[in-house]
Amino acid sequence: MNVVTPPPFSGPAAPDRVAFDRAEMGVILTVYGRMVAAGEWRDYGISCLREVAVFAVFRRTAEHPLYRIEKRPKLRQRQGMYAVIGMDGQVLKRGHDLKTVLRVLEKKLIRPVD
């Protein structure tokens with residue numbers, strides 16, 4: 001009796017997914033926590049896809065996201081891999097540093113005091 005080992009699986013490899021790392025999530029959740037405390041935001045959703053990772057912010061769960069924070073590593077050498085996109089699909093800020101990109105959201109917290 002001969003034991004034959006099966007050939008290695010040669011099917012397509014599982015696609016890698018883009019995700020936010022721990023440091024990036026810390027920066028994002030710091031801004032998110034401030035906005036929740038201010039009563040502006042209430043919910044979020046995270047999607048990790050093949051080419052992009054998305055952190056979507058909602059005022060209410062059943063709505064479209066107010067903002068999407070995206071990470072696209074393919075744009076690292078060009079415009080920057082981080083972007084904040086508004087509800088209408090307009091890119092509000094794009095760059096290489098996540099903290100500077102998220103400053104566009106912190107401007108929403110600054111209000112005049114009566």
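This chain uses plain numbering: 1 for the first residue, then up along the sequence. The figures that follow rest on heavy atoms only: side chains count, while hydrogens, waters and symmetry mates do not.
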Output the distance between atom CG (Leu66) and atom CD1 (Ile85), rounded to the nearest 0.5 Å.
14.0 Å
Would a 4.5 Å heavy-atom cut-off, applied to side chains only, mark Arg17 and Arg50 as touching?
no
If you compare all heavy atoms of Val104 against all heavy atoms of Val101, which two are closest, and at what distance to 0.1 Å?
CG1-O, 3.3 Å
Quick one, Arg72 with Lys74, criterion side-chain contact (heavy atoms from CB on, under 4.5 Å). Give me CA distance, side-chain angles, the key distance, then yes/no.
CA-CA 6 Å; Arg72 293 183 183 266; Lys74 287 188 176 183; 5.6 Å; no
Cluster link Met25 to Val27, ILVMFWY, side chain under 4.5 Å
yes
Between NZ of Lys99 and OG1 of Thr30, what distance do you get to the nearest 0.5 Å?
8.5 Å
Show me, pair by pair, the donor-acceptor contacts under 3.5 angstrom made by side chains of residues 88-97, not counting sequence neighbours?
residue : atom : partner : partner atom : Å
Asp88   : OD1  : Gln90   : N            : 3.2
His96   : ND1  : Arg76   : O            : 3.3

Please tell me whether Leu49 and Ile28 are part of a single hydrophobic cluster in this structure, the criterion being side-chain heavy atoms less than 4.5 Å apart.
no
Please answer: with hydrophobic residues joined when any side-chain heavy atoms are less than 4.5 Å apart, are Val54 and Tyr82 in the same cluster?
no
Path from Val31 to Leu29 over hydrophobic side-chain contacts below 4.5 Å
yes
Taking all non-hydrogen atoms of both residues into account, name the closest pair between Ala19 and Ala53 and its distance.
CA-CB, 3.9 Å
Between Trp41 and Leu105, which heavy-atom pair has the shortest distance, and what is it?
CH2-CD1, 3.8 Å
Salt bridge (Lys or Arg N to Asp or Glu O under 4.0 Å) partners of residues 19-29, not counting sequence neighbours, each pair once
Glu24-Lys71
Check ring pair (Phe, Tyr, Trp, His ring centres under 6.0 Å) between Tyr44 and all other residues, then give those that pass, not counting sequence neighbours.
Tyr32, Phe55
Looking only at non-hydrogen atoms, find the nearest pair between Ile69 and Leu102 and report the distance.
CD1-CD2, 3.7 Å
Should Val57 and Ile46 be counted in the same cluster of Ile, Leu, Val, Met, Phe, Trp and Tyr side chains packed under 4.5 Å apart?
yes
